[in-house]
Asks: 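Before anything else, here's the structure in question.
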Amino acid sequence: MARLPFIGRLTSRDYVALVAGGLFVFLETILTFVIALLPKSIIQWFYDRSRHLFHFIVGPPLPKSDEHHLAERIRRAEDFQKLCEIFGYEHEEHVVLTKDGYLLGLHRLPAKKGEVRHSFGTSTGKPVVYLHHGLLMNSEVWVCLTDPRRSVAFTLVELGFDVWLGNNRGNKYSKKSIHHNPNSAKFWDYSIDDFAWHDIPDSISYVLSVTKEPSLSYVGFSQGTAQAFAALSIHPPLNEKINVFIALAPAMSPAGLAASVVDSLMKASPTLLFLIFGRKSIMSSVPGWQSLLYPPVFSAAITASLRWLFNWRSLNIAPLQKHAAYTHLYSYASVKSVVHWFQIMRNAKFQMYDDDVQRVMLIRRAAPRPAGAVSAYAPARFPTRNIVSPIVLLYGDSDSLVDIDVMLHELPKSSVVARRLHGYEHLDVIWGAGVDRDVIPHVVDALRKYAVEPERLAGELKMTNGTSSTDYGEYTGTSTPADNGSVYDS
């Protein structure tokens, strides 16, 4: 396709997509502002109209089962605490101050369901495991499942672990800094580099200082694995603090997006995202849309978006699980962190954030260099082959964001085990219907092998075999605000 003369890096289709994207974000910004000013009665009116339209298309509501009521309670749970209360677990909240001044919220599940506790905020004497979420997420993604036996977090608690769940700077539980206001662009001036230099090592150091354990086990999902790859590669002492790194749907150097227009546009110039979304939080209007749309309509919109962007069909995630979890899927993240991912995709290298963007683009788009010519500039790469901690990769063979061959090439061969999950896509690894059979047993096996004094753990994995002696027929816990309000009509 012919290129426009302006700069010459983009095709005419790319410019059309850029203009269309700019208009979309402009309208989204206006709508976000308007939604913030709307009275609740107007928001309820839009919600009712979307509900009426949904049932006009798919038919009248059906009788609601206990599973529907549980999914609705999970959907309505306003935070991590309410989600844990639904299943009868007590949690602790902790705050970590990073070396560059961000305050990160940590959640802790120190005790089994019904276990009597005599002290809080201290060592439990149990092996420690740390869970970290993915891009545009927070710690709620680990506990918003419709069956606690499919929750990695709840399963590990029942197995005898002291479970900690981290949060990235800027998200729902970490939107504070001692230096910058979250309304300023400086607050959002961070990328994967900052997660690796500060968030991950500072959180782990805090956890170990509280628990008095010599090391912990790390379980990451998606970007949570990339942050660990990066942190372990640039902090050699951190490898002594992580006895095993279990990577669920590991992310390092994705090939790209299924949406060709978006993929080609962002790879051509990742910093175009700054022109479209600004330099603060990305897609901050999602909570507003969530309040306006009837839940099944919102779930359908999320499913369609995932299909368009990544070609994920989401068939392994049950409709009720989508209904319960999609409300907890989004959390705030910086535009810069997403730009960083497109830089990685464009260069096909797991690299640090490239501040010298324009020079790289000119070099890459210039006429082909003679054979043997050397580039004048190369962004620093994360030295992932220097990682010493044992690594277990659990990846879906239908996950468009995982190229396992490229990943294995960049990791030390002596300490990596890769296990393929047949038919699994990205989100399936934490929310899929078969997680308790296909994923969690591998996680537990790795933890039993590498955790500190694994004899402290329970002898049997009671929550993942579907025949638990624990009665989960009544996982209502105490009454919470999530019980209030009208129940979703299936």
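This one's a predicted model, so the numbers in the text were calculated from it and none came from an experiment.
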Asks: Ring centres of W164 and H94 under 6.0 Å apart?
Replies: yes
Asks: Compute the centroid of each ring, for W188 and then for H180, and state whether the two points are separated by less than 6.0 Å.
Replies: no
Asks: Do H426 and F221 have their ring centres less than 6.0 Å from each other?
Replies: yes
Asks: Would you say K241 and S205 are linked by a side-chain donor-acceptor pair, where the criterion is simply a distance under 3.5 Å?
Replies: yes
Asks: Do Y424 and Y395 have ring centres separated by under 6.0 Å?
Replies: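 So the answer is no for these two rings.
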Asks: Take H133 and N138 through the side chain to side chain donor-acceptor pair (under 3.5 Å) test and state the conclusion after the steps.
Replies: CA-CA 6 Å; H133 60 80; N138 61 56; over 6 Å; no
Asks: Rounded to the nearest 0.5 Å, how far apart are CG of D194 and NE2 of H340?
Replies: 9.5 Å
Asks: Taking atom types as modelled, find out whether S215 and N243 have a side-chain donor-acceptor pair closer than 3.5 angstrom.
Replies: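 Looking only at side-chain atoms, N243 and S215 do form a donor-acceptor pair, the distance falling under 3.5 Å.
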Asks: Please say whether the positively charged group of K336, taken as NZ for Lys or CZ for Arg, lies over the ring of Y353, i.e. under 6.0 angstrom from the six-membered ring centre and within 45 degrees of the axis.
Replies: yes
Asks: Give me the ring orientation class for W312 and F310: parallel if the planes are under 30° apart, tilted from 30 to 60°, perpendicular past 60°.
Replies: parallel
Asks: Tell me whether K349 is salt-bridged to E410, with the criterion being a basic N under 4.0 Å from an acidic carboxylate O.
Replies: no
Asks: Tell me whether the rings of H132 and Y218 are parallel (<30°), tilted (30 to 60°) or perpendicular (>60°).
Replies: parallel
Asks: Have a look at F154 and tell me which of F161, W142, Y89 forms a ring pair (Phe, Tyr, Trp, His ring centres under 6.0 Å) with it.
Replies: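 Output: one option passes, namely Y89.
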Asks: Looking only at side chains, do N347 and Q343 share a donor and an acceptor under 3.5 Å apart?
Replies: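 N347 vs Q343: no donor-acceptor pair found between side chains.
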Asks: Under the side chain to side chain contact (heavy atoms under 4.5 Å, CB included) test against S217, which residue among V244, I242, V443 passes?
Replies: V244
Asks: May I ask you to check whether F80 and Y173 place their ring centers less than 6.0 Å from one another?
Replies: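 No - the distance between ring centres of F80 and Y173 does not fall below the 6.0 Å cut-off.
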Asks: Do I302 and K322 have side chains that approach each other closer than 4.5 Å (heavy atoms only, starting at C-beta)?
Replies: no
Asks: Are E140 and K172 ion-paired here, with the side-chain N under 4.0 Å from a carboxylate O?
Replies: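 Counted as a salt bridge, because a side-chain N and a carboxylate O are separated by less than 4.0 Å.
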Asks: Any side-chain heavy-atom pair from C84 and L109 closer than 4.5 angstrom?
Replies: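 Touching, per the 4.5 Å side-chain cut-off.
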Asks: Just checking, any donor-acceptor pair under 3.5 angstrom between side chains of H107 and Q81?
Replies: no
Asks: Verify the distance criterion only: is there a donor paired with an acceptor across the side chains of N168 and Q227 at less than 3.5 Å?
Replies: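 Note: N168 and Q227 side chains meet the donor-acceptor criterion.
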Asks: Please determine if R150 and D436 form a salt bridge, counting it only when a charged side-chain N lies under 4.0 Å from a carboxylate O.
Replies: no
Asks: So F187 and Y102, ring-ring contact (aromatic ring centres under 6.0 Å, His included) or not? Walk me through it.
Replies: CA-CA 9 Å; F187 178 91; Y102 283 82; 5.2 Å; yes
